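Mind looking over this structure? Questions follow.
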Amino acid sequence: MNGKPRTPIARRLEGTVCVVTGAARGIGLAIAERFAAEGGRLACFDVGATRLQAAVAGLVEKGHEARGYGADVGKRDAVAAAFEAVERDFGAPVGVVVNNAVWARFQPIAEVDEESAGRMLDVGLKALLWTTQAAVPQMKRRGGGAIVNLSSTSGLQAMTDSMVYAAMKAGVLGLTRAAAVELSPHGIRVNAIVPGMVGTPASVGKFDEATIANRLAAMPLGRFGDPEDIAAVAAFLASEDSRYVQGAQLVADGGWTIAAR
Ligand SMILES: NC(=O)c1ccc[n+]([C@@H]2O[C@H](COP(=O)([O-])OP(=O)(O)OC[C@H]3O[C@@H](n4cnc5c(N)ncnc54)[C@H](O)[C@@H]3O)[C@@H](O)[C@H]2O)c1
């Protein structure tokens, strides 16, 4: 069994303007593809210009509506300008935001440097402040919206060399809850996905054979996640099907964190 959908995809996001950050590859691209298949109008944010162009071209070739924005999500002004451009380009306010972009370095504690730590927190945590700030006025104007934030099992359980990453991903969960409480009166839902190990070049793609075997042995469902597995969860949280889900952290890890070892 893999993460490819085996049932027809519903069009739960028909006509909704959806911002996906880090949409040029990996999980972000899978989310953009899934949202487009569900009828979403895609605004893809990424700093990888060539990859972004290819990702957007791929969506458009399949008949979807998609535009690329080269915004660095760690920069508040750039995010604000990109959200304004999205509303102008699509002629409608943003209804869904997925905060997926990441810039990560895994370093032993003694080697953590100011520049890497700062960049990680800018892209993976502070960016969520800026996109939420920029999205809320647009979502209020359309009578509500959904924000989906990518955390990680590293935000729940510890691994070596991941002090900054763990802080960032635990921070995403706290930010998600705080935003959910504050934005509830406006019909804006904010939820987090907590993926385990997903087969992207930035993650499982970097493991050696022994690590792969060890990790698979600890995985109740017996496989790593596919980006499409996470995209399916994102589509649920972005859609009205999750209308009573607020401030949640939905773990999608093949059972990794609940298994006794
Ligand atoms: N892959 C996994 O196993 C895994 C597990 C748990 C959580 N996650 C989380 O899922 C999300 C996606 O992971 P992935 O493996 O697909 O990552 P990835 O590294 O493959 O993709 C991240 C994307 O973000 C873009 N990006 C980086 N800096 C940016 C910036 N400043 N502004 C805009 N875009 C920027 C990159 O260009 C890239 O396209 C991340 O939040 C990650 O922490 C991944």
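Just follow the structure's listing: the first ligand is 1, and inside any ligand the first atom is 1. Values below: every heavy atom of this structure, side chains too, minus hydrogens, waters and symmetry copies. These numbers come from a predicted model, not from an experiment.
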Starting from atom 29 (C) of ligand 1, locate the nearest protein heavy atom and write down its residue, its atom name and how far away it is, to 0.1 Å. Val47 CG2, 3.5 Å
Run the salt-bridge test on Asp89 and Arg41 with the 4.0 Å N-O cut-off and return the result as yes or no. no
Is the shortest side-chain N to carboxylate O distance from Arg12 to Glu38 below 4.0 Å? yes
Under a single-linkage definition using a 4.5 Å side-chain heavy-atom cutoff for Ile, Leu, Val, Met, Phe, Trp and Tyr, are Leu29 and Tyr69 assigned to the same hydrophobic cluster? no
Establish whether Val20 and Leu237 are linked, either directly or via other cluster members, by ILVMFWY side-chain heavy-atom contacts under 4.5 Å. yes
Evaluating non-hydrogen atoms only, which member of Thr200, Val20, Asn99 is closest to atom 1 (N) of ligand 1? Thr200
Can you tell me which residue and heavy atom of the protein come closest to atom 40 (C) of ligand 1, and the distance to 0.1 Å? Asn100 O, 3.1 Å
Are Asp122 and Arg119 close enough for a salt bridge, meaning some N to O gap below 4.0 Å? no
Below 4.0 angstrom from a heavy atom of Arg51, which ligand 1 atoms are there? Numbered from 1 as shown, please. 36 (C), 37 (O), 38 (C), 39 (O)
Would you say Val73 and Val47 make side-chain contact, with heavy atoms under 4.5 Å? no
Hey, does Met120 sit under 4.0 Å from ligand 1 if you only count heavy atoms? no
Give me the nearest non-hydrogen protein atom to atom 21 (O) of ligand 1 as residue plus atom name, then the distance to 0.1 Å. Arg25 NE, 3.5 Å
Is Val123 in contact with ligand 1, taking contact as a heavy-atom separation below 4.0 Å? yes
Mind checking what makes ring pair (Phe, Tyr, Trp, His ring centres under 6.0 Å) contact with Tyr165, not counting sequence neighbours? Phe106
Is it the case that ligand 1 has an N or O less than 3.5 angstrom from some N or O of Tyr165? yes
Which residue from Ser203, Ser152, Gly196 reaches closest to atom 5 (C) of ligand 1 through any of its heavy atoms? Gly196
Tell me whether ligand 1 is touched by Ala71 - counting only heavy atoms on the residue side and a distance under 4.0 Å. yes
I need the atoms of ligand 1 closer than 4.0 Å to a non-hydrogen atom of Gly26, numbered in the order shown. 16 (O)
Which of the numbered atoms in ligand 1 are below 4.0 angstrom from a heavy atom of Met197? 3 (O)
Give the numbers and elements of all ligand 1 atoms closer than 4.0 Å to a heavy atom of Gly22. 23 (C), 24 (O), 25 (C)
How about Ile27 and Thr200: do any of their side-chain heavy atoms sit closer than 4.5 Å? yes
Any idea which protein heavy atom is nearest atom 31 (N) of ligand 1, and the distance to it? Asp72 OD1, 2.8 Å
Verify same cluster id: Leu129, Val98 (apolar side-chain graph, 4.5 Å): no
Please work out, at 4.0 Å between heavy atoms, whether the side chain, the backbone, both, or neither of Lys206 comes within that distance of ligand 1. neither
Lys/Arg-Asp/Glu bridge criterion (N-O < 4.0 Å) met for Arg223, Asp229: yes
So if you build clusters from Ile, Leu, Val, Met, Phe, Trp, Tyr with side-chain heavy-atom gaps below 4.5 Å, do Leu128 and Met168 land together? yes
Would you say Val136 ends up clustered with Val94 if hydrophobic residues are merged whenever their side chains have heavy atoms under 4.5 Å apart, either directly or through other cluster members? yes
Backbone, side chain, both or neither: what part of Pro195 comes under 4.0 angstrom of ligand 1, heavy atoms only? both
Please list the nearest protein heavy atom to atom 9 (C) of ligand 1 with its residue and the distance rounded to 0.1 Å. Ser151 O, 3.9 Å
So for ligand 1, is Phe45 a polar contact partner (N or O within less than 3.5 Å, distance only)? no
Could you tell me the residue and atom name of the protein heavy atom closest to atom 17 (O) of ligand 1, and the distance to it rounded to 0.1 Å? Val102 CG1, 3.7 Å
Ligand 1 contacted by Lys75 (non-hydrogen, < 4.0 Å): no
Element-labelled atoms of ligand 1 that are located less than 4.0 Å from some non-hydrogen atom of Ala101: 24 (O), 34 (N), 35 (C)
Geometric N/O contact Ile27 with ligand 1, under 3.5 angstrom: yes
So which protein heavy atom does atom 38 (C) of ligand 1 come closest to, and at what separation? Asp46 OD2, 3.6 Å
How about Glu14: does its CD atom have over 12 heavy atoms from other parts shown lying under 6.0 Å from it? yes
Return yes or no for this condition: an N or O of Trp103 is under 3.5 Å from an N or O of ligand 1. no
Passing candidate, salt bridge (charged side-chain N to carboxylate O under 4.0 Å, His left out) with Glu87, options Arg141, Arg67, Arg142: Arg141
Evaluate Val73 for polar contact with ligand 1, using N/O atom pairs at a separation under 3.5 Å. yes
Which ligand 1 atoms are under 4.0 Å away from a heavy-atom of Arg119? 31 (N)
Donor-acceptor pair between Thr176 and Asn149 side chains, under 3.5 angstrom: yes
